[in-house]
Amino acid sequence: MLKLAVWKFSSCDGCQLSLLDCEDELLLITEKIQIAYFLEASRRKMKGPYDLSLIEGSVTTSEERERALSIRKNSLLVVTIGACATAGGIQALRNFSQVNQYISQVYPRPEFIETLKESLPISHFIPVDYELRGCPISKRQLLQLISSLLVGKRPSFPTESVCAECKRKGNICVMVAHQTPCLGPVTQCGCDALCPTYRRGCYGCFGPKETPNTSSLAQWLNQESHLSPKEISHLFRSYNATSTSFQKESERWNVKPSEIYEKDKKEEDKEGKNKGGQGRPKDLKKGSGKKED
Amino acid sequence: MHTDDGQPSQASPCYTLSFKRLGELFLLLEDDGFQIIGPTLQDRAIRYERLKSPDYLVHGYVDHQKAGCYHLEKQGDLYFGYTVPQDSWRRHLQPPKETLWNVKRSPSGFDFEENSDDLQTKRVFFGVRPCELRAIEIQDQIFLKGNYVDPHYHHRRDGLFLVVVHCIRATSTCFCTSMGVQPFCSNQEDQKSHARPDLALTEIEGQFFLVRPGTHRGAQYLNRLELEEANPEDLEIETRLSQVVQRDLKRNLNLNQDHLKEIMDLQMESPYWNEVAQRCLSCANCTLVCPTCFCSTTEDLVSLDENTTERIRKWDSCFHLSHSYIHGGSVRSSVSARYRQWITHKLVTWKEQFNTEGCVGCGRCITWCPVGIDIRSEANRLRSQWRGES
């Protein structure tokens, strides 16, 4: 019997629900697995050590940081489930601003709130054996993980693009045929191309794929699909906003108009000094947040 | 299959097939146990799906294709006014995902069971374009003519009845003539080396079709229909139509194949590859819409009760890191190496490997690239660099 623990950190519970959602397979799972700690399913708590710990949610408080360390000590395998645990989640949007400002606006007594400045993935604090992507995770991948671990086989999670799954499925490309902005070409597969199947662009909830080329896609969306820099920045800022390539891309397009002005002014002053006071007028478009190679 | 100037052969018998008689042809084929697959309208695009009758054919649409953009527009009253859609017939010959076998635990060990679902079906591919016919021929070469025959492909291919429809329009991404394919194919005896369609159709102004048999089987069906022979005026219209499409193809950007091997060989280390890698998303779309690409990978799915395993074969791509994975890592880890592998294989080394062209000039990789990378421009850029160097 494999001793399983499911842990919740800062999250919405959706990924844990995917496990409960395995309705038909759930009985089979419980035959093979001892559910030792899973508060969403049972009040019964069994002490560690555990064979497999599934962690949902990101680390946003110092208490959670300590808990992550103790789970690692008590588990043979640690698998993060979902975008929060794997990449910081939607709550990592606060990493781009001042969290104290939010606290004072949201809570009547902000002095009771103790939180870290950033929302960070579990792997920032402890070594993780496998990561399941997605918001929420794919039930299929979760079952594949469990069945592989049961027979001692390494689970295989392809790191290719959503496009590969989308094309195999036979969907018509929403980007090429409908001009719908889609993150599929830079996002890792695993969701079975859920959104494009329903004629929506991919939101990138599985995070960046292997060797993602976000800048080329963003440039195309800007020039051919006429998305504004702000829209492009928002596109990359969702469930995996702090994944390296998505974060870089969102920052590249997030130059505020005032910043452009400031930047240009600075450059103008500098040039002006160098050239003895003869500054040349600046083309505002130049600094409109486009990638500067 | 085609003449040098792309003119339809006047020598083979040619008949007139009205839309009503086409329905009768469908019935004859279905009575003989054929399932008909042809172009249908789905999601503002064309897809090759099951056709119950000619009434379900896409009527009155033309397509506009350019790099990274596909648009279907309601216009005119042609049944075949559009060109090639996203998917090719490859989906029906080499499915994107198929179970190869299942294995079960048994008291004596393991029981293997080969999957043979859906293999023996007799099918009609209705509306195959000349470039697509050539692509099927190329895949035949790969799956059937080498040392190892793929049994799944073989079964599916065996039951096929091919009905070609000539192209009366070319879109901006078409460049079949660069790759030695003609938009009109006829049934000349001296072109035996190429795959023959059972029937070849030309649509005449949305009114009726001209039809020629390419095989005895095809001729038998036409005999059963007792069609009237085409009159000279209609053949003249057909000639004009073929001239129009030839003219359009000449105006399109073409892919010059001269010295291509030399060019690619000399440019293996060119900085050009890094430049194209800045644009390429390595998303694999070009390879997955290509009618000649054939790469696949396998996956073993273990059941939760640990008693059965299913081996699945699915489409793979040379743009995936795992495609070149060997002990220790991927051989082609950079996107530039993967793009170089793809274009050199498609245009040059394929010929050495299989003794056929690797590309048929259908232009799918151009249209369905999310960032509009055009194989013609890329090959031409390599050429101009080579010119600059030599």
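For the pair B:C283 and A:C163, the tightest heavy-atom approach, listed with the atom from each and the gap, is O-CB, 3.8 Å. Heavy atoms only, all atoms of each residue included: A:N171 and B:Q86 are closest at O-NE2, 2.8 Å.
Contact annotation for A:K209: only side-chain heavy atoms (C-beta onward) come within less than 4.5 Å of a heavy atom of chain B. For a residue to count as touching a neighbouring chain, one of its non-hydrogen atoms must lie under 4.5 Å from one of that chain's; by this rule B:R279 touches chain A with backbone and side chain alike. A:P158 touches chain B through its side chain: at least one heavy atom from C-beta onward sits under 4.5 Å away, while N, CA, C and O do not. For chain A, the nearby parts of B:H320 are the backbone and the side chain; heavy atoms of each come within less than 4.5 Å. The contact between A:Q144 and chain B is made entirely by side chain atoms (from C-beta outward), counting heavy-atom distances below 4.5 Å. Using a 4.5 Å cut-off between heavy atoms, B:S317 does not touch chain A at all. With a 4.5 angstrom heavy-atom cutoff, B:I46 touches chain A only via backbone atoms. Both the backbone and the side chain of A:T211 come within contact range of chain B, with heavy atoms under 4.5 Å apart.
A:S216 meets the side chain to side chain donor-acceptor pair (under 3.5 Å) test with no other residue; sequence neighbours excluded.
The list of salt bridge (Lys or Arg N to Asp or Glu O under 4.0 Å) pairs with a residue in residues 212-240 of chain A, not counting sequence neighbours, is empty.
The choice from A:S161, A:A164, A:G170 that makes the most heavy-atom pairs within less than 4.5 Å of chain B is A:G170. Among B:D43, B:N285, B:L288, the residue with the largest count of heavy-atom pairs under 4.5 Å with chain A is B:D43. The residue among B:P370, B:A45, B:A284, B:C369 with the most heavy atom pairs within less than 4.5 Å of chain A is B:P370. Your options are A:V176, A:V174, A:V162, A:I146, and the one with the most heavy-atom pairs under 4.5 Å with chain B is A:V176.
Proximity of A:Q179 to B:C69: side-chain heavy atoms (C-beta onward) are separated by under 4.5 Å at one or more points. Between B:Q42 and A:I172, every side-chain heavy-atom pair lies at or beyond the 4.5 Å cut-off.
Here the side chain of B:R91 pairs a donor or acceptor atom with the backbone of A:R168 at under 3.5 angstrom. A donor-acceptor pair under 3.5 Å is formed between the side chain of A:N213 and the backbone N or O of B:C280.
Within 6.0 Å of the NZ atom in B:K52, the count of heavy atoms belonging to other residues, nucleotides or ligands does not exceed 12. In B:Y56, the OH atom is not crowded: 12 or fewer heavy atoms of neighbouring residues, nucleotides or ligands sit closer than 6.0 Å. Surrounding NZ of B:K104 are at most 12 heavy atoms belonging to other residues, nucleotides or ligands under 6.0 Å away. Other residues, nucleotides and ligands place no more than 12 heavy atoms under 6.0 Å from the CZ atom of A:R200. Annotation for A:K3: atom NZ counts as buried by contact number, over 12 foreign heavy atoms lying within 6.0 Å.
B:L281 contributes atom CG, which lies 9.5 Å from atom OG1 of A:T214 (distance to the nearest 0.5 angstrom). Here A:H178 contributes atom NE2 and B:Y70 contributes atom OH; the two are 9.5 Å apart, rounded to the nearest 0.5 Å. Between atom NZ of residue B:K314 and atom CD of residue A:E165 there is a gap of 7.0 Å, rounded to the nearest 0.5 Å.
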Solution key, residues 27-42 of chain A side-chain donor-acceptor pairs under 3.5 Å, sequence neighbours excluded:
unit_1 : atom_1 : unit_2 : atom_2 : d
A:T30  : OG1    : A:L26  : O      : 3.2
A:T30  : OG1    : A:L27  : O      : 2.8
A:S42  : OG     : A:R44  : N      : 3.1

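Contact residues of residues 293-306 of chain B toward chain A are B:E299, B:D300, B:L301, B:V302, B:S303, B:L304, B:D305, B:E306 (heavy-atom distance under 4.5 Å).
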